[in-house]
K.L.:
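Got a structure here, written out as structure tokens. Questions coming.
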2 protein chains.
Amino acid sequence: MPEQSSLTESQNKIFNFITRYVAEHKRPPSVREIQKQMKYKSTNAVAEVLDALEKKGYIARRSGARSIEILQQDDLMNFGFGSPALDKVAPVPLMSVDWFAKGEKMKPISNLYLDKMLTQNRECMLLRVDDDGMEKSGILKRDMVLVEKREPSASDKDVLVAAICEDGAIVRSYRFINERVHLVASSRSYSERVINPNEKFPEALVVGVVLSLFRNILR
Amino acid sequence: MPEQSSLTESQNKIFNFITRYVAEHKRPPSVREIQKQMKYKSTNAVAEVLDALEKKGYIARRSGARSIEILQQDDLMNFGFGSPALDKVAPVPLMSVDWFAKGEKMKPISNLYLDKMLTQNRECMLLRVDDDGMEKSGILKRDMVLVEKREPSASDKDVLVAAICEDGAIVRSYRFINERVHLVASSRSYSERVINPNEKFPEALVVGVVLSLFRNILR
DNA sequence: CGCTAAACTAAACATTTGTTCAGTATCGCT
DNA sequence: AGCGATACTGAACAAATGTTTAGTTTAGCG
């Protein structure tokens, strides 16, 4: 990930406040509302933090009142609008993987129903990650990944893909080099897999692009 | 049931403009921006249309600049008939956190619909993690956590809990020692928070037990 | 016709809001 | 000690913005 320059305590506080405020009120806060929240006695205290946030690329400002715009879109929920409705749910098949050297198979075990805000209206499936190859990227064995069923395109830079292979389902970084697909783990101890386009029985089969991650915490 | 009063041409035009503007700019337009768009020569032309829209329940206005809020027209959840998914899905409120030293507030922003397999049929909510205190446990800032709304019990050994505090929502290990609740981060750089049972305004408020974790991977 | 509502123009006014300038204080680093 | 970054207080100002009051015009309707 492109490590965002880190924030100081007050910068983090204010940035969090802004995101919460926007989510709740559907408009950015004014400088003086931030001031009140932070219990500052001068608006300039806010102004300087906003300058820093802007310089670090967390926000942008235009002219006029309430002009703060949040630049992070990794927000997952850019909950601007979304009113709840049931047509907002999509069935997502939970797939189990059977791999045979000659022909792979994936079978739906059951359907989970997920809000379309999560599936982003794409054709998805759920897979259980079967190794620790992406541990360093925060994806652990036994995590569930929500995968969009599609072949990565050339424009996909540094996406994570799900693939099935001997070991079951795995997640890897996707690189396209010299007509070949390279599947790269984040841990060095996992070797790179290279897929030749002409290969009849490749050692791994890319099944889609990883959209998000789901992990059970409570045992 | 409340037959939506219909809109006049200019009312409709302006209402549509507001909707588009919010979608595009993530903040409401100012009165004068609407005036410009409509090629009015007086702001009062706008003011009157806005009065009408407010009276008809299409928008609401608060104080301050850019205070127009679009009201949801779609009647709340249409818990109508047999979508096959219905009984498998539960609405989970996505909460935003406002913290004041004396009185904490949590407000639902919107509902996400999640399979009951995920909520395990418990009363849940979704929170966005606002710090890196549990980074070492694999819970990162900006992750969403699915939280069961309940006080941890003595039998809960080493559960992770969500709490709200000055910094927003945080996740911590829960320890009960000497009548006191200890909230422990996995990173050493985050200090432990201790909650006294008699404390009137504790520095953090436990809101529930973390069931699972959700993270957006694709940008 | 006369009435009313909607749809404006025109001009002021009061707030809200962003920005800036001049200071003070603390901390880590050199 | 000196320097720069961060974190503020306090005060003032100008621009942006919401609101109001007074008047004109048009269209529909009884």
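So you know, we letter chains A, B, ... as the sequences are listed, proteins then strands, and number each from 1.
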K.L.:
Is the side chain of S186(B) donor-acceptor paired with the backbone N or O of K136(B) at a distance under 3.5 Å, no angle test?
P.N.:
yes

K.L.:
Using 0.5 Å steps for rounding, measure from the OG atom of S96(B) to the CE atom of M106(B).
P.N.:
8.5 Å

K.L.:
To the nearest Å, how far apart are E69(B) CD and dG18(D) P?
P.N.:
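Going from CD in E69(B) over to P in dG18(D) covers 15 Å.
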
K.L.:
Detail all sub-3.5 Å separations between protein N/O atoms and N/O atoms belonging to nucleotides 16-19 of chain C.
P.N.:
{"from": "dT17(C)", "atom 1": "OP1", "to": "R66(A)", "atom 2": "NE", "distance (Å)": "3.3"}
{"from": "dT17(C)", "atom 1": "OP1", "to": "R66(A)", "atom 2": "NH2", "distance (Å)": "2.6"}
{"from": "dT17(C)", "atom 1": "OP1", "to": "A65(B)", "atom 2": "N", "distance (Å)": "3.0"}
{"from": "dG18(C)", "atom 1": "OP1", "to": "R66(A)", "atom 2": "N", "distance (Å)": "2.9"}
{"from": "dG18(C)", "atom 1": "OP2", "to": "V31(A)", "atom 2": "N", "distance (Å)": "2.5"}
{"from": "dG18(C)", "atom 1": "N7", "to": "R32(A)", "atom 2": "NH1", "distance (Å)": "2.7"}
{"from": "dG18(C)", "atom 1": "O6", "to": "R32(A)", "atom 2": "NH2", "distance (Å)": "2.7"}
{"from": "dT19(C)", "atom 1": "OP2", "to": "R61(A)", "atom 2": "NH1", "distance (Å)": "3.3"}
{"from": "dT19(C)", "atom 1": "O4", "to": "T43(A)", "atom 2": "OG1", "distance (Å)": "3.0"}

K.L.:
Between atom CE in M38(A) and atom P in dT6(D), what is the gap in whole Å?
P.N.:
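Whole-Å distance recorded here is 15 Å.
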
K.L.:
Check step by step if salt bridge (Lys or Arg N to Asp or Glu O under 4.0 Å) holds for E33(A) and R66(A).
P.N.:
CA-CA 10 Å; E33(A) 284 169 338; R66(A) 298 177 186 274; 2.8 Å; yes

K.L.:
Given side chains that start at C-beta, do those of V207(B) and V161(B) come closer than 4.5 Å, heavy atoms only?
P.N.:
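When only atoms from C-beta onward are counted, V161(B) and V207(B) do not touch, as no gap falls below 4.5 Å.
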
K.L.:
Applying ring pair (Phe, Tyr, Trp, His ring centres under 6.0 Å), can you list everything that pairs with Y21(B), at least two apart in sequence or on another chain?
P.N.:
F17(B), H25(B)

K.L.:
List in chain and number order the residues that pass side chain to side chain contact (heavy atoms under 4.5 Å, CB included) with R32(B), two or more places apart in sequence or in another chain; answer none if no residue qualifies.
P.N.:
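If we apply the side chain to side chain contact (heavy atoms under 4.5 Å, CB included) test to R32(B), skipping adjacent residues, the hits are S30(B), Q35(B), T43(B).
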
K.L.:
To the nearest angstrom, how far is K41(B) atom NZ from dA11(C) atom P?
P.N.:
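About 12 Å, once rounded to whole Å.
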
K.L.:
Between I14(B) (CD1) and dC8(C) (C1'), how many Å, whole number?
P.N.:
11 Å

K.L.:
Any chance you could measure E203(B), atom CD, to L205(B), atom CG, to the nearest 0.5 Å?
P.N.:
11.5 Å

K.L.:
List the protein contact pattern of nucleotides 25-30 of chain D with one symbol per nucleotide (5' to 3'): B for base contact, S for sugar-phosphate-only contact, - for none; contact means a heavy-atom distance under 4.0 Å.
P.N.:
------

K.L.:
Residues in side chain to side chain donor-acceptor pair (under 3.5 Å) with K149(B), at least two apart?
P.N.:
E123(B)

K.L.:
If we count only N and O atoms by modelled type, under 3.5 Å, do the side chains of T19(A) and R128(B) hold a donor and an acceptor together?
P.N.:
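There is such a pair between these side chains.
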
K.L.:
Evaluate salt bridge (Lys or Arg N to Asp or Glu O under 4.0 Å) for D51(A) paired with R61(A), printing each intermediate quantity in order.
P.N.:
CA-CA 9 Å; D51(A) 286 344; R61(A) 283 184 289 179; 2.6 Å; yes

K.L.:
Could you work out, with side chain to side chain donor-acceptor pair (under 3.5 Å) as the rule, every residue matching K41(A), not counting sequence neighbours?
P.N.:
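K41(A): no side chain to side chain donor-acceptor pair (under 3.5 Å) contacts found.
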
K.L.:
Would you tabulate the nitrogen or oxygen pairs shorter than 3.5 Å linking the protein to nucleotides 5-7 of chain C?
P.N.:
{"from": "dA7(C)", "atom 1": "OP1", "to": "T8(B)", "atom 2": "OG1", "distance (Å)": "2.9"}
{"from": "dA7(C)", "atom 1": "OP1", "to": "S10(B)", "atom 2": "OG", "distance (Å)": "3.0"}

K.L.:
Using whole Å, report how far CG of D51(A) lies from P of dC21(C).
P.N.:
12 Å

K.L.:
Could you give the NZ-to-P distance, from K39(A) to dG10(D), as a whole number of Å?
P.N.:
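That distance rounds to 16 Å.
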
K.L.:
Under the salt bridge (charged side-chain N to carboxylate O under 4.0 Å, His left out) test, which residues partner R150(B), sequence neighbours left out?
P.N.:
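By the salt bridge (charged side-chain N to carboxylate O under 4.0 Å, His left out) rule, R150(B) matches E148(B), D156(B).
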
K.L.:
Taking atom CZ as the centre, does R142(A) end up with more than 12 heavy-atom neighbours from other residues, nucleotides or ligands that are less than 6.0 angstrom away?
P.N.:
no

K.L.:
Scan nucleotides 24-30 of chain C against the protein and return all N/O pairs shorter than 3.5 Å with their distances rounded to 0.1 Å.
P.N.:
none

K.L.:
Would you say the side-chain atoms of D132(B) pair up with the backbone N or O of K141(B), donor to acceptor, closer than 3.5 Å?
P.N.:
yes

K.L.:
May I have the distance from Q37(B) (atom CD) to dC8(C) (atom P), rounded to whole angstrom?
P.N.:
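In whole Å, dC8(C) P and Q37(B) CD are 14 Å from each other.
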
K.L.:
Quick one: side chain to side chain donor-acceptor pair (under 3.5 Å) partners of Q37(B), sequence neighbours excluded?
P.N.:
none

K.L.:
Between the two end axes of the helix from dC1(C)-dG30(D) to dT30(C)-dA1(D), each built from 5 base pairs, what angle do you get to the nearest 10°?
P.N.:
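Comparing the first five pairs with the last five, the axes sit 20° apart.
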
K.L.:
In this structure, how many angstroms lie between the P atom of dT6(D) and the CZ atom of F15(A), rounded?
P.N.:
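Distance, rounded to whole Å: 17 Å.
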
K.L.:
What pairs with L140(A) under side chain to side chain contact (heavy atoms under 4.5 Å, CB included), at least two apart in sequence or on another chain?
P.N.:
E135(A), D143(A), R215(A)

